[in-house]
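Residue numbering restarts at 1 for every chain, and letters A, B, ... go by the order of the sequence lines. The analysis underlying the following values was restricted to heavy atoms, covering all of them including side chains, and did not include hydrogens, waters or symmetry mates.
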There are 2 protein chains.
Amino acid sequence: MSERQTLSSVRNAARLLKQFGPHDRELGVSELARRLGLGKSTVHRLLTTLVAEHLLERDPYSGQYRLGLAVHDLAAAAVPNDLHEAVSGLLETLRNRTGETVQVAVLDGREVVYVERIDSPHTLRLFLEVGRRNWAHSTGTGKALLAHLPEDQLAELLDGWEMPALTPYTITDPAKLIEELRQVRRRGYAQNLHESEVGVLSVSAPIRDRTGRVVAALSVAGPAQRMQPVMNQITYGVIEAAALASRRMGCPR
Amino acid sequence: MSERQTLSSVRNAARLLKQFGPHDRELGVSELARRLGLGKSTVHRLLTTLVAEHLLERDPYSGQYRLGLAVHDLAAAAVPNDLHEAVSGLLETLRNRTGETVQVAVLDGREVVYVERIDSPHTLRLFLEVGRRNWAHSTGTGKALLAHLPEDQLAELLDGWEMPALTPYTITDPAKLIEELRQVRRRGYAQNLHESEVGVLSVSAPIRDRTGRVVAALSVAGPAQRMQPVMNQITYGVIEAAALASRRMGCPR
DNA sequence: TGCGTACGTTCCGTATTCCGGAACGGCATC
DNA sequence: GATGCCGTTCCGGAATACGGAACGTACGCA
């Protein structure tokens with residue numbers, strides 16, 4: 001969009017706010033003027049305005065400025081009400097980018113439930129409707145979710161779990177599943193390699209809420225022949241989309 | 001401060017951002033113009049500017065605007081690096097307001113450690129230096145902290161805890177302490193009524209971090225004769241200061 | 001199917017706002 | 001005591017910001 005269509009004083013204010021960070025807790029008029037390339041009187045006026053709006057506050061002793069409480073209020077207001085809103089737009093973008101089915105699932109005991117889904121445009125595609133369930137141990141989303149369960153909850157699920165071998169590749173040994181989940185945590189995403197259905201691959205990454213807790217998993221799934229050649233691109237796209245959804249949920253970077 | 005000293009377009013931008021909330025996830029040009037009493041073209045320009053700065057984003061389908069990811073980045077930047085920064089200024093204000101000693105403590109096993117302290121100006125005052133420890137069961141800060149421990153951690157502490165009776169009023173029965181802690185949780189603050197030292201009262205409230213977890217307790221303490229007549233005011237001030245510190249830590253309201 | 005309403009976008013004239021340099025007082029350092 | 005840097009205030013100039021009008025589009029209703 002054209003620079004002419006934006007408000008320079010508002011952009012200056014935004015740029016000023018973005019100067020603050022973990023290593024820049026407090027800043028003064030002159031330092032901000034230097035960083036922003038603005039006059040000191042200009043910066044002084046910006047600061048006064050932002051303090052009036054509680055986006056900044058001034059330390060009465062040092063005279064320096066720092067981010068104010070209204071910033072937290074905005075962040076709280078920015079957090080979506082639900083998962084659907086958090087992934088809004090992200091699934092379409094990823095489906096358009098990869099050409100494959102994109103879905104979001106949550107864990108329910110030893111199963112995953114698909115709560116969001118955008119289908120691949122290909123005729124050959126997975127056919128699973130929202131609300132459908134599948135075994136957690138044999139799907140990418142399931143492994144992405146199991147991997148981030150608290151240890152006691154995972155142990156409780158594993159106790160007495162006779163995992164069905166849906167294909168010759170399905171992990172059915174609890175010890176092997178635990179090792180697999182350790183790998184999932186290590187690299188940040190899960191893969192389903194013919195484990196729920198021969199000929200089907202998927203990549204999944206966790207979506208976290210503002211406390212960092214995993215609340216869902218996002219995945220791309222499709223026929224092995226189409227997925228295999230572009231696994232790296234798909235993996236990257238899944239991780240990026242899940243990270244964006246997490247950030248929308250207020251999860252720190 | 002004078003209105004003349006602030007930037008009206010920046011104030012408009014701030015007011016616009018504050019229109020968003022849990023019940024106002026997405027807003028359009030005309031609705032914002034109505035709410036803000038501004039022209040639609042003015043609002044359109046504000047929106048375009050804020051989108052450019054990623055403080056807002058626009059839903060490509062509905063055309064409506066919502067808060068953007070930069071808001072979370074600001075909130076993350078707003079969270080103090082440590083507790084000292086979170087309470088900066090709050091202790092002086094509360095001490096000046098109440099005239100009594102104000103302190104912040106953290107829990108260490110069955111003891112509290114005072115990490116911040118502003119002394120009362122009165123000659124008759126508590127004399128405890130930063131770093132000093134005290135029994136958690138007999139202090140306001142201790143009870144405020146114990147009250148919000150996970151149940152298993154509290155049970156572990158209580159197991160085998162022979163609580164010294166520092167005064168005739170000290171709670172030494174674990175069952176009574178548990179009941180007392182339940183009261184503390186219910187009303188949101190703790191009181192020390194001659195329990196650590198006869199003649200000394202205190203009021204404490206918890207400070208929470210961005211996940212809501214209690215990380216410290218803030219309190220006002222002083223001689224019973226001075227504290228007793230103004231307990232309600234002191235209680236209110238303590239709760240308010242602790243809430244402010246919590247909000248600075250990024251804890252939702 | 002046509003009409004009315006509301007939305008968002010663009011343009012342009014006007015005047016208000018915003019910018020920044022200069023000057024100043026205060027504080028810290030040498 | 002001098003110097004340097006900070007933050008604050010003032011004021012003149014010019015650029016920006018405002019908002020009304022006009023327009024196209026979309027939607028709902030009869």
Next item on the list: Could you check how far CG of A/Leu27 sits from C1' of D/dC6, rounded to whole Å?
Entry: 14 Å

Next item on the list: Could you tell me the separation between the CD atom of B/Gln64 and the C1' atom of D/dA26, rounded to a whole number of Å?
Entry: 14 Å

Note to self: Give me the atom names and distance for the closest heavy-atom approach of B/Asn192 to B/Gly140.
What the structure shows: CB-N, 3.5 Å

Next item on the list: Could you check whether B/Gly63 gets within reach of a base, just the sugar-phosphate, or nothing at all, counting any heavy atom under 4.0 Å?
Entry: nothing

Margin query: When you measure from the side-chain N and O atoms of A/Arg11 to the phosphate of D/dT16, is any distance below 4.0 Å, counting only OP1 and OP2?
Written below: no

Checklist line | Main-chain N/O of A/Leu36 paired with A/Arg15 side-chain donor or acceptor, under 3.5 Å | finding: yes

Check: Given atom OH of B/Tyr61 and atom P of D/dA26, what is their separation to the nearest angstrom?
Finding: 16 Å

Next item on the list: Grab the CD-P distance between A/Glu26 and D/dC6 for me, whole Å please.
Entry: 16 Å

Next item on the list: Would you name the heavy atoms of B/Met227 and B/Val220 that are closest together and state the gap between them?
Entry: CE-O, 3.6 Å

Check: In a check of side-chain contact (heavy atoms from CB on, under 4.5 Å) between A/Leu201 and each of A/Met231, A/Glu100, A/Arg226, which one passes?
Finding: A/Met231

Note to self: What is the separation between atom CD on A/Glu31 and atom P on D/dC5, rounded to the nearest whole Å?
What the structure shows: 13 Å

Next item on the list: Using whole Å, report how far CG of B/Leu32 lies from P of C/dA6.
Entry: 18 Å

Item checked: Closest contact, heavy atoms only, A/Val71 versus A/Leu55 -> CG2-O, 3.6 Å

Next item on the list: Let me know the distance between CD of A/Gln5 and P of C/dC11, rounded to the nearest Å.
Entry: 8 Å

Margin query: Does a side-chain N or O of A/His44 approach OP1 or OP2 of D/dG7 to a distance below 4.0 Å, or not?
Written below: no

Checklist line | Any A/Arg34 side-chain N or O less than 4.0 Å from OP1/OP2 of D/dC5 | finding: no

Check: Hey, are A/Ser204 and A/Thr141 close enough side-chain-wise for a donor-acceptor pair under 3.5 Å?
Finding: no

Item checked: Protein-to-nucleotide contact annotation, 5' to 3' order, nucleotides 14-20 of chain C [B base; S sugar-phosphate only; - none; under 4.0 Å, heavy atom] -> ---SSBB

Item checked: Non-hydrogen atoms of A/Arg248 and B/His72 that approach each other most closely -> O-NE2, 3.2 Å

